[in-house]
Chemist: 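Quick one: the structure is below, and I'll ask about it shortly.
In listed order, ligands and their atoms are each counted from 1.
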Amino acid sequence: MQKAPLLISGILTHAASAHGDTEIVSRLVDEPLWRYDYRGLAQRAGQAASLLQRLGIRAGDRVSSLAWNTHRHYELFFAVPGIGAVLHTANPRLSDEQIAFTLNHAESSVLLFDRSFAPLVARLRPQLPHIRHFIVLSDRDCFDVGEGAVPCYEALIAGERPIDWPSFDENAGAVLCYTSGTTGDPKGVLYSHRSVVLHALAAGLSGAFGLSAFDCVMPCSSLYHGTAWGLPFAAAINGCKFVLPCDRMDGRSLQELIRNEGVTFSGGVPTIWTMYLDHLERSGEDAGTLERLVIGGSAVPRAMAEKFQGKYGVTIRQLWGMTETSPLGVISTPTPKLTARGQAATDEVIWTRQGRLQFGIELKIVDEEGSELPRDGVTPGKLLVRGPWTVERYFRSEKSALDADGWFDTGDIATLDGDGFMRITDRSKDVIKSGGEWVSSIDIENVAVACPGVKIAAVVGVFHPKWEERPLLVIEPHEDAEVCVKRVLAHLEPHIVRWWMPDAVVIDRVPLTATGKIDKKVLRERYRDYLVAELRLEAQG
Ligand code: ADP
């Protein structure tokens with residue numbers, strides 16, 4: 001058989017020749033809506049590649065972006081790896097210190113940024129000794145980052161001739177993503193051409209996103225965060241119309257694109273879909289052409305899935321993954337066996353499981369000693385993964401991130417069942433151990449968020465003198481809603497095990513991390529001694 005390497009440029013040339021006139025639409029920071037097609041994408045990515053070569057970028061060099069979901073960022077996804085260089089998609093939601101750390105760790109020599117990041121780039125500039133070229137992703141030069149004008153991308157690529165894509169080893173590095181580093185420095189995961197292509201092929205399958213040329217795909221997870229679940233590549237392979245929302249992820253802005261562009265498929269973290277659902281409820285509008293939503297990054301609240309499917313006819317699939325798995329791990333999709341048990345039983349499984357085994361990613365659960373645990377759907381254990389788009393070692397690390405048998409420890413605690421469904425019960429660092437037994441914070445949150453008026457529910461383990469740790473529930477209500485603690489407890493009672501009932505419920509703002517997830521570290525700190533203080537008061541009173 002032929003040994004054609006699996007290269008990202010191959011996805012682009014395929015898209016340009018198989019569905020060259022399929023549309024790509026992009027919002028931009030300070031410019032009108034942009035509209036072109038895959039042929040246009042190939043043309044301009046080829047011009048950008050030529051520019052990078054002219055700037056001296058060679059195979060293996062790193063080029064960084066600080067950019068939203070726009071067509072120019074999309075072009076870099078092909079232009080940079082296309083010449084054998086590595087695209088580092090910096091995460092603007094990290095702290096200044098962490099962003100500078102990732103840019104320096106990557107040793108990028110070019111930084112391409114959206115105009116809205118000019119103040120950030122101005123602040124960071126003195127700390128970035130490796131960057132030789134700053135380019136603003138705009139049609140106008142930028143004068144806001146100190147030391148003269150920063151040239152704009154449009155003017156720079158205008159005179160370039162698209163290059164012929166070179167061929168090289170499919171194991172070469174292509175895209176570099178850093179984990180959000182909630183503990184310690186961010187760690188880099190360098191995806192290879194081979195891993196990106198295999199991951200994108202798998203993402204499109206019917207047991208995953210189920211993409212086709214009839215779909216209009218709008219990625220609402222950030223392009224800089226784990227390549228937006230590989231959607232930029234999967235959409236190009238499958239000939240989907242592609243809609244880029246820039247940074248405007250509020251409900252009204254998303255609805256405008258869904259309606260006007262005919263979006264059928266989208267994906268993102270639950271926070272975004274809470275805002276969208278809020279918009280639908282307030283405006284009384286329907287979800288237009290939207291057929292399927294994949295939600296992941298943190299657990300999908302059941303109430304959200306029910307509302308989307310029941311009221312708006314949008315099918316909800318849950319996804320689990322992490323930067324270290326490219327990021328697609330598993331997606332919950334129905335099986336004939338499930339469907340035979342009826343809609344209610346199917347929904348119950350689909351909405352409460354993070355996903356189902358798919359080819360390319362093996363899963364197993366183990367105990368503290370590393371012995372494999374039964375796949376019975378109830379025994380929780382440490383979740384390990386293995387496969388061709390799972391990390392082997394972190395970027396620039398000397399040592400492998402795997403155990404002797406090649407398994408990577410995800411840091412999640414999960415159950416597995418005989419039909420291949422996986423359910424996350426906690427992140428190991430968020431686990432609540434009460435009297436030596438595990439309490440699942442995710443299960444409690446899921447029930448609590450269905451209580452009227454509740455916008456976000458977060459459960460953390462806090463110190464208890466007798467049980468070591470007990471669950472404490474933090475509720476952030478919707479803007480105009482009032483939530484009564486007694487009513488929340490009454491709502492929880494029939495749905496969760498008695499000894500899982502939170503020892504306290506507090507109303508507070510819930511802090512979010514750089515990737516829009518509940519920041520449990522902050523909550524644990526804030527409420528560390530809450531129960532002790534309460535017990536003391538009780539003793540006094
Ligand atoms: P970080 O948040 O540290 O940047 P990632 O974005 O890679 O890391 O997130 C990976 C983690 O997010 C997983 O290990 C898991 O704990 C959590 N996660 C992802 N999807 C889900 C899901 N559907 N349900 C629960 N947790 C999830």
Chemist: Identify, by atom number and element, the atoms of ligand 1 in contact range of Gln318, meaning under 4.0 Å from any of its heavy atoms.
Modeler: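 Matching atoms, with element in brackets: 22 (C), 23 (N), 24 (N).
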Chemist: Hey, which of Asn171, Ile8, Val175 is the one that makes side chain to side chain contact (heavy atoms under 4.5 Å, CB included) with His193?
Modeler: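 Among Asn171, Ile8, Val175, the one that satisfies the side chain to side chain contact (heavy atoms under 4.5 Å, CB included) with His193 is Ile8.
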Chemist: May I ask you to decide whether Glu445 forms a salt bridge with Lys520, counting only side-chain N to carboxylate O separations under 4.0 Å?
Modeler: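 Lys520 and Glu445: salt-bridged.
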Chemist: Given that the side chain starts at C-beta and the backbone is N, CA, C, O, which of these parts of Leu319 lies under 4.0 Å from ligand 1, counting heavy atoms, or is it both or neither?
Modeler: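 Within the 4.0 Å criterion, Leu319 contacts ligand 1 through backbone atoms alone.
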Chemist: Which of the atoms in ligand 1, numbered in the order shown and given with their element, are less than 4.0 Å from a heavy-atom of Trp320?
Modeler: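 Taking each heavy atom of Trp320 in turn, ligand 1 has 13 (C), 15 (C), 18 (N), 19 (C), 20 (N), 21 (C), 27 (C) under 4.0 Å.
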Chemist: May I have the step-by-step check of salt bridge (charged side-chain N to carboxylate O under 4.0 Å, His left out) for Glu306 and Arg302, ending in yes or no?
Modeler: CA-CA 6 Å; Glu306 252 163 29; Arg302 195 198 161 104; 3.0 Å; yes
Chemist: Run Arg317 and Ile331 through side-chain contact (heavy atoms from CB on, under 4.5 Å) and show every step you take.
Modeler: CA-CA 7 Å; Arg317 299 271 176 266; Ile331 299 189; 4.0 Å; yes
Chemist: Hey, is Gly321 one of the residues with a heavy atom under 4.0 angstrom from ligand 1?
Modeler: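 For ligand 1, residue contact (heavy atoms, under 4.0 Å) with Gly321 is present.
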Chemist: So, for Ser64 and His88, which heavy atoms are closest and what is the spacing to 0.1 Å?
Modeler: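 Distance-wise, the nearest heavy atoms are OG-ND1, 2.7 Å.
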Chemist: Under 4.0 Å from a heavy atom of Met322: which atoms of ligand 1 are those, numbered in the order shown and with their elements?
Modeler: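 Listed by number with element, the hits are 7 (O), 10 (C), 14 (O).
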Chemist: Relative to ligand 1, is Asp412 under 4.0 angstrom through side chain, backbone, both or neither, heavy atoms considered?
Modeler: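 It is the side chain that gets close, since no backbone atom is under 4.0 Å.
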Chemist: Mind listing the side-chain donor-acceptor pairs of residues 216-233 below 3.5 Å, one per line with the distance, residues two or more places apart or on another chain?
Modeler:
residue, atom, partner, partner atom, Å
Ser222, OG, Tyr224, OH, 3.3
Thr227, OG1, Gly230, N, 3.1

Chemist: Ring-plane angle category for Phe242 and Tyr74, please: parallel below 30°, perpendicular beyond 60°, tilted otherwise.
Modeler: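 Phe242 and Tyr74: tilted rings.
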Chemist: Any heavy atom of Gly297 sitting closer than 4.0 Å to ligand 1?
Modeler: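 Contact present.
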Chemist: Kindly identify the option in Lys187, Arg353, Lys517, Glu324 whose heavy atom sits closest to atom 11 (C) of ligand 1.
Modeler: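 The option holding the nearest heavy atom is Lys517.
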Chemist: Taking only heavy atoms of His225 into account, list the atoms of ligand 1 that are under 4.0 Å away from them.
Modeler: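 Every atom of ligand 1 under 4.0 Å from some heavy atom of His225: 4 (O), 6 (O).
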Chemist: Heavy-atom distances under 4.0 Å are what count here, so tell me which part of Gln354 touches ligand 1: side chain, backbone, both or neither.
Modeler: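 Answer for Gln354: side chain.
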